[in-house]
Amino acid sequence: MDRRDFIKATAMATAAAAAARLALHDDAGAQPRVADGVTWDKAPCRFCGTGCHVQVGVKGGKVVAIAGDQKADVNKGLLCVKGYHVGLALYGKDRLTRPLLRRNGKLEPITWEQALDVVADRVMANPAGFAIYGSGQWTIPEGYAAQKLIKAGIGNNQIDPNARLCMASAVTGFLSTYGVDEPAGCYDDLDHCDVVLMWGNNPAEMHPVLFSRIIDRRSRGEKVVLVDLTTRRTRTSGFCDRTILFEPQGDLAIANGIAHLLLERGTWDRGFVEAFCNFRKPTSPPTLDGQAMTFDEYRREMAAYTPARVQELAGVAPADLAYLADLFGNRALRITSLWCMGMNQHTRGTAINDLVHGIHLLSGHFGKPGDAPTSLTGQPSACGTVREVGTLAHALPGGRVVAKEDHRQEAEAIWNLPPGRISAKPGYHTVEMWRRFSTPKEQGGDIDTIWVQVTNPARSLPNINELFLPSRKLPGKFLIVSDVYPTATAMAADLVLPSAMWVEKNGMFGNSERRTQQWFRMVPPPGEARDDCWQTIAVARRLHDRGHPGLKDKDGRFLFHVVDARGAAVPVWDWRRYYDVNVDEQLFEEYRKFTRKKHKDLAPYQEYVKTRGMRWPVVEQPDGSWRETKFRFARFDDPYATKADIQFYHSVTKDDRALVWFHPWEAAPETPDKDYPLWLCTGRVLEHWHTGTMTMRIPQLQRAMPQAYCEMNRADARALGVHDGEVVVIESRRGKLELPVWLGGRGEPPRGSVFVPFFDETLAINLATLDAHDPLSKQPDYKKCAVRVRRRGAA
Amino acid sequence: MVTSALVLTLTPHPVERLRALARLAADPRLELGEPVKDRLPVVAEAASAADGAALCDALGAHEGVLRVDVVAIDFGEDA
């Protein structure tokens, strides 16, 4: 048998095993065969927050094959088009391989020793003005190291991630409803529900493996009702039993309208509400705790949201609202709500998150498999690294916040810091951090150095004309970027640090369903590229050696004290020694001490080595094994719910009850008018991930979707005299760009609205978007602002 | 040469299904396995990863093919 025949035979065996498993639900867990010198190991996919596991085939120091991991609960051996090509994301032709310093306007190669000195110089010159801007693509140990450097070491709390832009409103929604972050349910809900209600998200393109999991049930003859609540028809709409189009910002009115009908018809779940819920209304200024209200007050507030008023505010027909209320009023059904950026990138993001949780609680659709309100995330470790490690300006690991003295004391104890080391003052959230970086020092711009890791803010921040571009012209502002490719941000930087990527380093991610995942380094990074975690530790050591007082613990030891199996210190800041020990494991074991307070218990590192991830809380059993938790707050599964069938044991009101909120509908901060008559919505597409820095370097994906476009309604295009493919100018009050129009494309925006994807670095739609943000989550709204479109050359 | 392991979900309609199987069997780039209910294991070969991706797209558009799931890919010389 020659090599080609061998590979074909192996592929057929793999396909046949997968077909049998899909058709017969045979979870035998066949794995790729070892073929032709290829070695295989597991890793979570590098892209979205779904957390699919892949098997990575390596030969000769290169990734040569990818397979869906059939032992993985999340994806059961399948992959989407991005996952299918994830191995090629390592091999773009323009990988960064040497540190680069801008001199006389030009980036020039320097050594790592010089680069570390430059970073240390900036910190030592003005520690208060130094910030780290990170990512939901940081691995858990990377984020933990950056968090520790800033909160325990430099001590200014100036760290925030791009996840602020993608899921911060989901966090505030969970906190204000349950007193603790992250979903109660998990992907298993998708296997048990009768109804999936999608609130402004498009999982057919953005979370295709999860969507396939639902569609697969239909192909087996099961009845699953899909309902799409959306401001534009998408690929998801085509699979749905009912697509309900609503006016931007109308989701608030729809949610209140459903609650109104449940109350008016008496189809709310009195038993559930009386046992497990309290009621809240917002205060001014808003807080996560709000103000107590009685059920009768709640009912009176909701009385205003009649079907007629909802139709006026949201453009939704009374029959559609009644249909939704019928679903929630039927307790024989199991209903899963899914949402992602549509509800989170919203100036009333916390409110709409609260309201959707509230409908589930009011109707008792909670706490049973298939009955769950579940947010999805867009990045592979937005949950694991940002929400759990707490790499946010106000947070500490394990659900703690810097504003609370006891939380600071607990962190100081775990980090062995002198009392009072951690500052009680939160740093700046993302929009504020970048605004201050783009503001002259004498005008309040007190952030003068930002170190960006694993993200591309030059394209992903909103309103980049105001938040990013001015900094590049201001004297004294210094931008450091760690990345794998010359992204728009890297090319605008003063110092560029080449990074290792995905299976070029050890790593851990935490996905949307509380699942913590682990992988090992499989191939070497190119040239002088090095792990982000090493970069952080190496800078910390530079600061330590220069006498920065924050880099020692109270016993005088370096903050990142790493030891070998015999307990001897290992100088892991020396790259040659970094892989002498497993730094990830040591950082993770330290971080794990933070996780019990909020019942987010994690298992030891080595347990994750054996599995395709486990969902927290992971609790040790009498026999020494570790058990994950699928359904939180439910006594049948959650070991911490012991007093009742449902126990919200982190209740804001300290009585094991969740909060059902009333929030009024409010207009969006910017709405179309005679000068800017169209709504602009931005988002992703199937082939590309975020700003396209990886997927645009994969030729297959780049060819499939080569550039951004402006999706228009045909009637609007006719009115403007615009033809399919014609380049138009799209313009807001903040900026403009030129894009080709796509009529009859994948999506179908209703009249009066346009959609532009943000994956194309050369066509930056965030020149036009708005930086207005939710008052609690501080998450900007990328889904709603006013624009005008004109033919190129027209006035 | 890029080799992909695929699972095609076929329509339950018997006539359309037979037609789909006949068309797929006639494609020299494909090797068909034994169907398991509505799932058909397929090995696809293409000259490059780009051609492989295009082939997957084309299979998804075939009458009688409801879905194409990718199970594994060997990038061959494209890696």
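Chain letters run A, B, ... following the sequence lines, proteins first and then strands; every chain starts at 1.
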Exercise. Within residues 24-39 of chain B, which positions have a heavy-atom distance to chain A below 4.5 Å?
Worked result: B:Glu31, B:Leu32, B:Gly33, B:Val36, B:Lys37, B:Asp38, B:Arg39
For this session: Identify which of B:Leu6, B:Val70, B:Val7 forms the greatest number of heavy-atom pairs closer than 4.5 Å to chain A.
Result: B:Val70
Problem set entry | Pairs of heavy atoms under 4.5 Å with chain B: top-ranked of A:Gly77, A:Gly83, A:Gly87 | A:Gly77
Exercise. Can you tell me how far OG1 of B:Thr9 sits from CG of A:Asp216, rounded to the nearest 0.5 angstrom?
Worked result: 7.0 Å
For this session: Please check if atom CZ in B:Arg19 has more than 12 non-hydrogen atoms from other residues, nucleotides or ligands closer than 6.0 Å.
Result: no
Seminar exercise, completed: Residue from B:Val43, B:Ile73, B:Val71 scoring the most non-hydrogen pairs under 4.5 Å with chain A is B:Ile73
Exercise. Atom CG in B:Asp74, atom NZ in A:Lys59: separation rounded to 0.5 Å?
Worked result: 8.5 Å
Exercise. Around A:Glu748, counting heavy atoms of other residues, nucleotides and ligands shown, do more than 12 lie under 6.0 Å from its CD?
Worked result: no
Problem set entry | Nearest-0.5 Å distance that lies between atom CG in A:Asn75 and atom CG in B:Asp69 | 10.5 Å
Problem set entry | Options B:Ala44, B:Ala5, B:Cys56, B:Ser4, ranked by heavy-atom pairs under 4.5 Å with chain A, top entry | B:Ala5
